[in-house]
Participant: 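Sharing a structure, written as structure tokens. Questions coming.
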Amino acid sequence: MIDMQRVLAAALTLLVLVAAPAAAQIPDEFTNLQVLPEDISRRSLIATMRGFAGGLGVRCTHCHVGENAATLEGFDFASDEKETKQVARVMLRMVQDINQRHLPETGREDRLRVTCVTCHRRLTKPQSLRDKLADVFSEEGIEAATAAYTELRAEHFGDGSYNFSPSTLASLAERLVGQGEIEAALAFLDLNIELYPDNVFSFWVQYQARTEQGQHAEAVKSLERALELEPGSEFFQQALAEAEQRAESAGTP
């Protein structure tokens, strides 16, 4: 049996040892603080910066001028050269405004505080998985988009960065059906059904896509599967009756 307390203690010790050289390079007095309090303590500033880095999944080099993120040796923390640092100030003011002005206006006493990780979820670009895949599809096509999903799932599944629930691909497919991108919608649905064979929403969207494509017999099969998953649904029963009529009229019973 693994002694988890010893493992955690060893990991914490290693973290402290690795962080110590870097912390030694951080100055005791700070210049060019434009959003954070000018009298902020060194300890508080380091903790704040670690919160930024953790929320975006980045290192100090993301915003600060320097090369060695492990030791911070030679870093110019006061420099505003990097565009990311300028954007960070805007984001910090936005977060402060939300927490100090907008959330109190709700009148709730148990309100939560917004932080970087609230939106970023350890991603530099806080984009939803659905929108990211839509962008890849628009720029590179359906094969690249489905491959991107597979790669992102392998890298991020379970870490909270993206929503890998069945609703993501199904809702993206529904959007694509509305845009007339039927083949792409069906490709995303095939992938989703492979991963989540009992997701009724996938078969409902598949029915819509096949109907738009004129594949009425296949559309009937999609609704039949939806009814297997939700046998008491009057909505699906009515939709199936209408789909069967269309299939019969098209000569594809």
Side-chain angles (χ1 to χ4, degrees), residues 55-58 117-248 250-253:
L56 275 68
V58 298
V117 75
T118 304
C119 294
H120 280 271
R121 309 177 311 281
R122 292 187 56 78
L123 298 171
T124 306
K125 185 177 182 179
Q127 187 178 32
S128 71
L129 179 58
R130 186 178 72 169
D131 288 345
K132 185 176 183 65
L133 294 174
D135 286 349
V136 175
F137 166 68
S138 177
E139 296 171 4
E140 304 179 48
I142 186 59
E143 290 187 8
T146 53
Y149 177 88
T150 302
E151 292 170 3
L152 290 169
R153 183 182 174 88
E155 180 180 357
H156 292 288
F157 188 84
D159 70 6
S161 297
Y162 292 108
N163 176 13
F164 290 102
S165 71
S167 63
T168 294
L169 289 183
S171 62
L172 174 56
E174 187 173 46
R175 179 199 295 182
L176 291 173
V177 170
Q179 296 173 351
E181 298 284 359
I182 307 301
E183 292 296 336
L186 287 170
F188 278 125
L189 288 169
D190 286 344
L191 177 58
N192 208 36
I193 290 171
E194 178 182 345
L195 295 169
Y196 304 102
D198 296 332
N199 179 243
V200 68
F201 183 38
S202 295
F203 292 100
W204 168 247
V205 180
Q206 188 182 63
Y207 152 74
Q208 297 176 58
R210 287 173 167 175
T211 300
E212 288 293 324
Q213 203 175 40
Q215 296 184 355
H216 298 296
E218 296 301 313
V220 167
K221 292 179 181 179
S222 297
L223 282 177
E224 287 175 342
R225 177 57 179 150
L227 266 173
E228 287 178 6
L229 295 170
E230 291 190 10
S233 172
E234 294 182 3
F235 176 80
F236 286 146
Q237 290 172 357
Q238 181 178 348
L240 177 59
E242 295 172 354
E244 288 173 336
Q245 289 181 350
R246 281 192 293 271
E248 184 176 353
T252 56

Participant: Could you give me the CA-CA distance, side-chain angles and deciding distance for Asp159 and Arg122, then say whether side chain to side chain contact (heavy atoms under 4.5 Å, CB included) is met?
Facilitator: CA-CA 9 Å; Asp159 70 6; Arg122 292 187 56 78; over 6 Å; no
Participant: Closest approach of Ala185 and Ala173, non-hydrogen atoms and distance?
Facilitator: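 In this case the closest contact between Ala185 and Ala173 is CB-O, 3.5 Å.
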Participant: Quick check: do Phe235 and Glu230 have side-chain heavy atoms less than 4.5 Å from each other?
Facilitator: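 Not in contact.
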Participant: Got Leu169 and Tyr196 here, is their nearest side-chain heavy-atom distance under 4.5 Å?
Facilitator: no
Participant: So which heavy atom on Gln237 is nearest to which on Pro231, and how close?
Facilitator: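 Smallest interatomic distance, heavy atoms only, reads NE2-O, 3.4 Å.
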Participant: Taking all heavy atoms of Ala243 and all of Leu223, pick out the closest pair and write down the distance.
Facilitator: CB-CD1, 3.8 Å
Participant: Once side chain to side chain contact (heavy atoms under 4.5 Å, CB included) is applied, do any residues pair with Ala148, and if so which ones, sequence neighbours excluded?
Facilitator: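 Partners of Ala148 by the side chain to side chain contact (heavy atoms under 4.5 Å, CB included) criterion, ordered by chain and then number, come out as Leu133, Val136.
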Participant: Would you check, one step at a time, whether the test ring pair (Phe, Tyr, Trp, His ring centres under 6.0 Å) holds for Trp204 with Tyr207?
Facilitator: CA-CA 5 Å; Trp204 168 247; Tyr207 152 74; 5.1 Å; yes
Participant: When rounded to the nearest 0.5 angstrom, what distance separates CD in Glu242 from CD in Glu244?
Facilitator: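 Rounded to the nearest 0.5 Å, the CD-CD separation comes to 10.5 Å.
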Participant: Can you tell me how far OG1 of Thr150 sits from CZ of Phe157, rounded to the nearest 0.5 angstrom?
Facilitator: 13.0 Å
Participant: Please lay out, stage by stage, how Leu195 and Tyr149 fare under the test side chain to side chain contact (heavy atoms under 4.5 Å, CB included).
Facilitator: CA-CA 12 Å; Leu195 295 169; Tyr149 177 88; 3.5 Å; yes
Participant: Do the ring planes of His156 and Tyr162 sit parallel (below 30°), tilted (30 to 60°) or perpendicular (above 60°)?
Facilitator: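 Perpendicular: the ring planes of His156 and Tyr162 meet at over 60°.
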Participant: CG/Leu186 to CG/Leu191 distance, rounded to the nearest 0.5 angstrom?
Facilitator: 12.5 Å
Participant: Given Lys125 and Asp131, is the salt bridge (charged side-chain N to carboxylate O under 4.0 Å, His left out) satisfied, shown in steps?
Facilitator: CA-CA 11 Å; Lys125 185 177 182 179; Asp131 288 345; over 6 Å; no
Participant: Of all residues at least two apart in sequence or in a different chain, which pass the side chain to side chain donor-acceptor pair (under 3.5 Å) check with Glu228?
Facilitator: Arg225
Participant: Determine whether a donor-acceptor pair (N or O, by modelled atom type, separation under 3.5 Å) exists between the side chain of Thr168 and the backbone of Phe164.
Facilitator: no
Participant: Suppose we screen for side chain to side chain contact (heavy atoms under 4.5 Å, CB included). Which residues come up paired with Ala184, at least two apart in sequence or across chains?
Facilitator: Phe137, Ile142, Leu176, Glu181
Participant: Would you check if there is a donor-acceptor pair between the side chains of Gln206 and Glu218 at a distance under 3.5 Å?
Facilitator: no
Participant: Tell me, with the steps shown, if Val220 and Leu240 meet side chain to side chain contact (heavy atoms under 4.5 Å, CB included).
Facilitator: CA-CA 6 Å; Val220 167; Leu240 177 59; 3.8 Å; yes
Participant: What's the shortest heavy-atom distance between His216 and Ala247, and which atoms?
Facilitator: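 Smallest interatomic distance, heavy atoms only, reads CB-CA, 3.7 Å.
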Participant: Can you give me the closest heavy-atom contact between Asn163 and Leu129, atom names plus distance?
Facilitator: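 Of all heavy-atom pairs spanning Asn163 and Leu129, the closest is O-CD2, 3.4 Å.
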Participant: Do Ile182 and Val177 come within less than 4.5 Å of each other through their side chains, counting heavy atoms only?
Facilitator: yes
Participant: Could you tell me if the side chain of Glu212 sits less than 4.5 Å from the side chain of Gln208, heavy atoms only?
Facilitator: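 No; the side chains remain at least 4.5 Å from each other.
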Participant: What are the two closest non-hydrogen atoms of Phe203 and Pro197, and how far apart are they?
Facilitator: CE1-O, 3.4 Å
Participant: Given 3.5 Å as the limit, does a donor-acceptor pair link the side chain of Ser161 with the main chain of Arg121, or not?
Facilitator: yes
Participant: Any sub-3.5 Å donor-acceptor pair from Thr211's side-chain atoms to Ala219's backbone N or O?
Facilitator: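 No.
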Participant: Rounded to the nearest 0.5 Å, what's the gap from NZ on Lys221 to CD on Glu224? Could you check?
Facilitator: 8.5 Å
Participant: With rounding to the nearest 0.5 angstrom, report the CG to CD distance, Asp135 to Gln127.
Facilitator: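 It comes to 5.0 Å.
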